[in-house]
Each structure stands twice: as C-alpha cells, then as structure tokens.
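The next block holds one structure in the form of structure tokens; read it before the comments.
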Amino acid sequence: MTVLERLKALRELMKERKIDAYLVPTDDFHASEYVGDYFKCRKYITGFTGSAGTAVIMQDMAGLWTDGRYFLQAADQLEGSTIQLFKMGEPEVPTVHQFLADKLEKGMCLGFDGRTVTAREADKLEELLREKEITFSVNDDLIGEIWNDRPALSCEPVMELDVKWAGESRADKIAKIRKQMKEKKADIFVLTSLDDIAWFLNIRGNDVHCCPVVLSYLVMTDKELRLFVNETVFSEEIRANLEADGVEIYPYNDVYSYVRTIDADQKVLLSKANVNSRLVSNIPSEVTILDEENLTLLPKAIKNETEVENERIAHIKDGVAVTRFIRWMKETVGKEKITELSAAKKLYQFRSEQENFLGDSFDPIIAYGKHAAIVHYSATEETDIPFEARGMVLADTGGHYLEGSTDITRTVVLGPVTDKEKKYFTAVLRGNLNLGAAKFKYGCTGLNLDYIAREPLWEMGEDYNHGTGHGIGYLLNVHEGPNSIRWKNIAGSPAAVLEEGMLTSDEPGYYLENEFGIRHENIVLCKKAEKTSFGQFMCFEYLTMVPFDLDGVDPEQMSVRERKLLNEYHKEVYKTLSPHLNEDEKEWLKQATREI
C-alpha cells in the first residue's frame with residue numbers, strides 16, 4: 001500500500017472505533033531511541049524514515065513532528081503524502097501537545113497504543129486534555145491491524161559479557177541496586193529500558209539495529225529477579241549462569257499480568273519517563289509508585305576503570321581504521337569511482353580488520369557535498385552520489401568492539417574548497433578544540449559548557465540546530481543519558497552533572513542548505529583535575545584519535561592557543577596510532593598531523 005492508502009485504511013478503522021485523533025510515536029515498548037523493524041509504525045504510516053518523529057492522524061489532516069536534524073529529509077519524504085511537516089522548535093510551530101489541545105474538541109477521543117507511549121507522557125496528555133473531557137483509547141494497535149506484512153518481533157541470540165570487558169560481575173551489580181532499593185524503601189524495582197537491562201545483567205543482544213540489546217522487561221525484589229524475555233534467545237550455558245545469579249526467566253509479555261498481582265501495600269520504584277503507560281496502568285491503583293530515575297542510570301553512565309581502559313583501546317583500534325579510511329578517500333578520489341555507499345563499505349572493511357570488532361554502532365552517515373547539509377543524512381540506492389576531487393565529505397560513523405563503542409565525525413577535504421568552506425570548517429574546529437580543552441568546576445552540566453563550542457559560530461551570527469554532545473554506552477547504545485552538552489534544557493530530561501568516568505561526544509557543526517555541511521566529533525572522557533580551595537575542578541581527555549583534515553583549516557582564523565591545542569592533539573594522535581601503522585601509513589600520518 002502507498003502512504004495515501006495506509007492513511008485511508010487507518011482513518012476507516014479510527015471511524016469504526018470512534019477515535020478522532022491517533023497518536024503514532026517512534027517508540028517501541030521500552031521508550032528506545034532506535035527501534036526494531038516490528039515497531040516502525042510511524043515510518044509505515046508516514047513514509048518518513050528518520051529516527052525521531054511523532055505523527056498525529058485525524059480525519060481531515062495528518063501531521064509529522066520532527067527535529068532540526070531531519071527537516072530537509074522529512075520535507076522530501078513527505079512530499080505528496082498530504083502529511084503536514086511541523087518543524088519542532090521553530091517559531092510559531094505548535095508542539096504536539098499544543099496542537100492536540102487546539103484541534104481536539106470537547107468529548108473527542110484520542111487513541112494510541114499504550115505500550116508505545118510512556119506513562120509520563122500519558123499523564124501529561126490526560127492533564128492537558130482534562131478540561132475538554134477527552135477520552136482515551138489506548139489498548140489497540142491500529143497500525144498493526146492494517147500492517148499486513150509487518151516484520152516479526154526480533155529474537156536474536158544473546159551473548160554474555162565477561163567481567164574482563166564489563167569490569168563488574170552481574171552479582172555485584174544486583175547487590176548494589178538492591179542496596180539502593182533498600183535506601184529508597186522500595187519493595188519492587190521495575191526496569192524496562194533495554195540498554196539498562198543489558199548493562200545490569202552483563203548481556204548483549206541484537207534486537208535493535210546497531211544497538212546490542214535484548215527485548216525484555218525486568219522486575220526485582222529483595223529476594224527475586226524476574227526477566228521477561230523470549231527464552232529461546234539464551235544458550236543453556238548463559239541461562240544456567242543467569243539462574244546461578246538468581247535471575248528467573250519468564251515469557252516476554254507476562255510482565256503485564258505479573259504487575260497486576262503486586263500487593264496493595266508494596267512500593268514500586270520505576271521511571272515513568274521510560275516505562276510504558278499500559279504497564280503502569282496494569283499496576284493496581286492502591287500500590288505506591290515511586291517515580292524516579294532508573295537506579296541503573298548513573299552506574300551505567302559512569303564507566304568503571306576496566307570500561308575506561310577498554311574504551312581507550314577501542315578508540316585506538318577505531319582510530320587506525322578511520323585514519324586509513326581518510327587516507328584512502330583522499331588518495332583515491334578522482335582515480336577510482338567512490339560513492340557514499342561504497343565509501344561506507346570500505347570503512348566497514350577497515351574496521352572489520354580490527355580484532356574484536358562486532359559491527360557498526362549506528363548506520364554510517366557519509367554525505368558528500370550538499371548532502372552533508374542534511375544533518376542525519378543516510379545514503380540509499382536512490383540518493384547515492386559519487387565523490388568528486390573537490391569539496392568535502394562528512395563521515396559520521398562508529399563501531400562496536402568488545403572493548404566498547406565509538407562515535408566519530410570527520411569532515412574530509414577531497415579537493416579544492418572555497419574560502420567560505422574553510423571559514424566554517426575552521427570555526428567548527430575551533431569550537432571542538434575549545435570544548436575539549438575546557439576546565440570546569442565539579443557540579444557543572446552540559447548547559448554550562450555548550451557555549452564554548454558554539455562561540456566561534458555565534459560570533460558570526462551563525463549556529464547549528466542540534467545538541468553539542470551526548471553520552472555513549474559501553475558496547476551499548478551510541479546515544480546514552482543522562483550526560484549531554486546542549487545550550488537549553490529539554491522538558492522531562494534535566495541536564496546531568498558531568499561525573500568522572502562519563503563519556504560524552506564533542507560535536508559542533510555547521511550546515512548550509514544545498515551547499516555543504518561540516519561536523520567535527522571526538523569522544524571525551526570526564527576526569528578530575530586539581531582540587532583547590534574553590535573546589536574540585538574537572539577536565540576532559542580525548543579518547544578519539546584521528547587527525548582533523550588540515551586541508552580545510554585556515555590558521556589565520558585561529559588564536560595562538562587554538563593552534564597549540566590542535567598541534568598538541570595531532571602530536572598525541574601520531575604518537576598513539578603510529579605503532580599500529582606500516583611505514584607508508586606512518587609517513588602519511590606524519591604529514592596529516594604536521595604542526596601549523
């Protein structure tokens with residue numbers, strides 16, 4: 001069916017069920033950022049393939065809300081669909097909530113699949129629409145009813161992460177979280193975030209593309225730990241190991257009936273920002289719910305010593321692969337045909353030559369020329385274009401290794417570039433270097449630091465329409481909270497204090513529609529610096545070890561300090577990578593990291 005035919009079928013079903021507006025988020029049943037094919041209902045009904053967006057379908061209109069990363073992509077993919085694009089955060093563009101409050105009339109019905117909307121979001125909608133006496137239909141998956149060739153739920157084999165990679169045993173993690181439960185006077189802990197469950201139990205899977213997680217729910221008391229999952233994903237050995245640590249296996253969907261049996265005098269700790277509304281609504285109303293952040297959130301984000309040391313190794317391996325890739329692109333362009341897709345395959349080849357490489361940490365963003373102005377462009381057979389020996393290519397990619405996950409962006413010069421391209425290439429690089437060199441007092445969040453990265457652009461009256469930094473998981477999701485670097489707060493997601501052991505990206509950018517795009521990204525490790533009478537100071541250590549392309553740099557725009565920062569970084573890159581390169585590669589890297 002075409003998008004128009006799908007919209008027609010959905011509207012007929014809505015009319016039959018007396019639903020006036022149907023909300024279709026991007027989420028799976030676990031509030032994941034990226035979702036498996038089974039859960040891509042928003043993509044199915046709108047045709048928009050970006051990783052973030054919410055659709056609202058009514059009888060007389062349909063709308064899609066997405067953020068600045070996807071404005072260009074969404075406009076292109078929605079063309080001819082009759083679906084209106086709402087550019088989130090732009091002036092005079094209503095939020096989904098404002099739209100619903102305005103469009104829904106008294107007594108109307110709003111529908112959604114309660115498993116794909118968090119309990120916090122459902123609470124907000126009920127509060128927002130109470131005055132209009134809006135009713136809710138939340139037990140039906142209408143998209144699923146019209147999606148005849150819907151993919152099956154993922155059911156990939158699970159691997160166990162040895163302590164030499166994880167740095168802490170499953171039993172120790174369980175004991176620590178139980179101690180936290182006791183301190184918070186919680187009888188039961190409900191955990192549904194897939195990366196938290198994988199981290200907590202030292203398991204990894206493949207149920208979400210590029211995210212090594214396992215579709216599951218977890219419920220823990222002081223005496224038992226129930227994992228609701230498809231039991232066929234475990235080998236006998238892993239299942240026995242789990243059982244030895246007190247983990248009991250139950251069918252995936254049984255969590256809904258289980259929570260109905262919770263005694264009225266129990267206190268249940270869960271995060272309404274993560275647990276879906278249907279699961280929470282199944283908990284008896286007499287039960288006390290402690291709505292707090294997941295107890296696993298900070299322990300997962302603050303990497304232990306083993307994880308940190310492993311991540312250093314992962315980034316050296318990745319640095320070797322990406323450096324070889326940059327050299328290959330610069331030396332091959334104009335001599336052989338290279339396209340966005342063939343370049344991605346070549347980079348995968350370089351990474352796969354590294355020991356313990358497991359796969360991409362996200363779909364590669366390799367965007368040449370004007371495609372790089374689309375912040376999260378991903379090449380397809382239809383959009384794939386060849387490189388030319390001029391201009392720039394933006395390569396935002398990452399890998400999963402047993403030693404951890406990586407995420408790196410380099411903008412590479414393939415030939416002659418304009419003064420304007422150099423101007424912005426250098427401005428973005430200055431922001432990256434200055435943020436990486438920041439020293440700050442303990443207690444600062446990314447809100448305090450974001451300006452450092454944007455200052456060179458803001459001085460010109462320019463900006464970029466995305467955050468500057470995100471946390472990154474250890475052989476887990478490439479985007480991980482709670483740490484981030486951004487200049488404004490996001491509702492329901494307060495900025496977190498930057499703690500020693502957190503890994504965060506440093507990735508300012510600049511994008512000029514239909515011309516070019518630039519982004520420079522390193523992963524930085526938060527560390528303690530000196531402690532003085534004014535308190536504990538913090539700093540960053542670069543984990544990413546890959547040269548920036550000096551062919552795009554205008555040293556005249558840089559301060560003496562900024563040139564020194566770049567030279568020092570490049571000196572460290574050469575020192576770190578050269579032992580892993582052959583003589584020709586070393587010679588190339590020596591030139592690529594020359595002092596300016």
Side-chain angles (χ1 to χ4, degrees), residues 303 307-327 329 347 350-351 354 356-357 360-362 364-366 394-401 403-412 425 428-438 446 449 452-453 467-476 478-480 483-485 498 501-509 518-527 539-550 552-553 562 565-581 589 592-593:
K303 276 49 181 179
E307 290 173 318
V308 168
E309 192 50 45
N310 284 338
E311 280 282 5
R312 288 193 180 101
I313 295 167
H315 280 83
I316 293 171
K317 291 179 176 183
D318 210 57
V320 170
V322 176
T323 298
R324 284 174 172 156
F325 172 66
I326 292 172
R327 179 194 179 201
M329 280 196 298
L347 177 53
F350 283 126
R351 281 196 168 110
Q354 298 298 315
N356 294 333
F357 175 69
D360 289 335
S361 57
F362 57 98
I365 298 166
I366 296 186
L394 187 157
D396 184 351
T397 68
H400 287 308
Y401 302 80
E403 292 89 354
S405 302
T406 69
D407 181 4
I408 172 176
T409 309
R410 287 294 182 266
T411 304
V412 181
F425 186 105
V428 175
L429 178 58
R430 289 171 57 209
N432 175 284
L433 292 168
N434 289 331
L435 177 58
L449 304 184
I452 300 171
T468 300
H470 58 80
I472 182 168
Y474 181 90
L475 184 46
L476 271 175
V478 75
H479 294 156
E480 176 181 275
N483 43 313
S484 65
I485 299 173
L498 293 166
M502 284 181 168
L503 303 182
T504 311
S505 67
D506 167 5
E507 52 179 313
I518 296 159
R519 189 160 61 253
H520 303 308
E521 177 186 18
N522 282 347
I523 300 301
V524 294
L525 167 69
C526 187
K527 298 171 64 174
C539 63
F540 292 129
E541 172 194 331
Y542 287 121
L543 293 189
T544 305
M545 288 286 125
V546 173
F548 294 103
D549 194 340
L550 294 176
V553 176
E562 289 165 346
L565 289 174
L566 179 56
N567 288 336
E568 287 176 346
Y569 175 71
H570 274 164
K571 186 177 179 181
E572 190 64 25
V573 168
Y574 183 80
K575 176 185 170 186
T576 303
L577 297 188
S578 57
H580 306 277
L581 303 175
L589 183 60
T593 56

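Index from 1, following the sequence. The basis for the numbers below is simple: all heavy atoms, side chains too, and nothing from hydrogens, waters or symmetry mates.
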Could you list the residues that satisfy ring pair (Phe, Tyr, Trp, His ring centres under 6.0 Å) with Phe357, not counting sequence neighbours?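 Checked Phe357 against ring pair (Phe, Tyr, Trp, His ring centres under 6.0 Å); matches are Tyr348, Tyr401.
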**Set of side-chain contact (heavy atoms from CB on, under 4.5 Å) partners for Thr576, sequence neighbours left out** =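 Partners of Thr576 by the side-chain contact (heavy atoms from CB on, under 4.5 Å) criterion, ordered by chain and then number, come out as Ile316, Met545, Glu572.
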By side-chain contact (heavy atoms from CB on, under 4.5 Å), His570 pairs with (sequence neighbours left out) Pro547, Phe548, Leu550, Leu566, Thr593
Inset, instruction - Show your working on side chain to side chain contact (heavy atoms under 4.5 Å, CB included) between Thr544 and Thr406 and close with a plain yes or no. - result: CA-CA 8 Å; Thr544 305; Thr406 69; over 6 Å; no
Does [X] have any side chain to side chain donor-acceptor pair (under 3.5 Å) partners at least two apart in sequence or in another chain, and if so, which?
X	value
His400	Ser405
Thr504	Asn483
Ser361	none
Arg410	Asn522, Tyr569

For Glu507, the salt bridge (charged side-chain N to carboxylate O under 4.0 Å, His left out) test, sequence neighbours excluded, returns Arg519
Sorted by chain and number, sequence neighbours left out, salt bridge (charged side-chain N to carboxylate O under 4.0 Å, His left out) with Asp549 holds for Lys330
Quiz item: Is there a donor-acceptor pair closer than 3.5 Å between any side-chain N or O of Asp407 and the backbone N or O of Val478?
Solution: no
Residues 312-322 vs salt bridge (Lys or Arg N to Asp or Glu O under 4.0 Å), sequence neighbours excluded, gives Glu309-Arg312, Arg312-Glu541, Lys317-Glu403, Asp318-Arg351
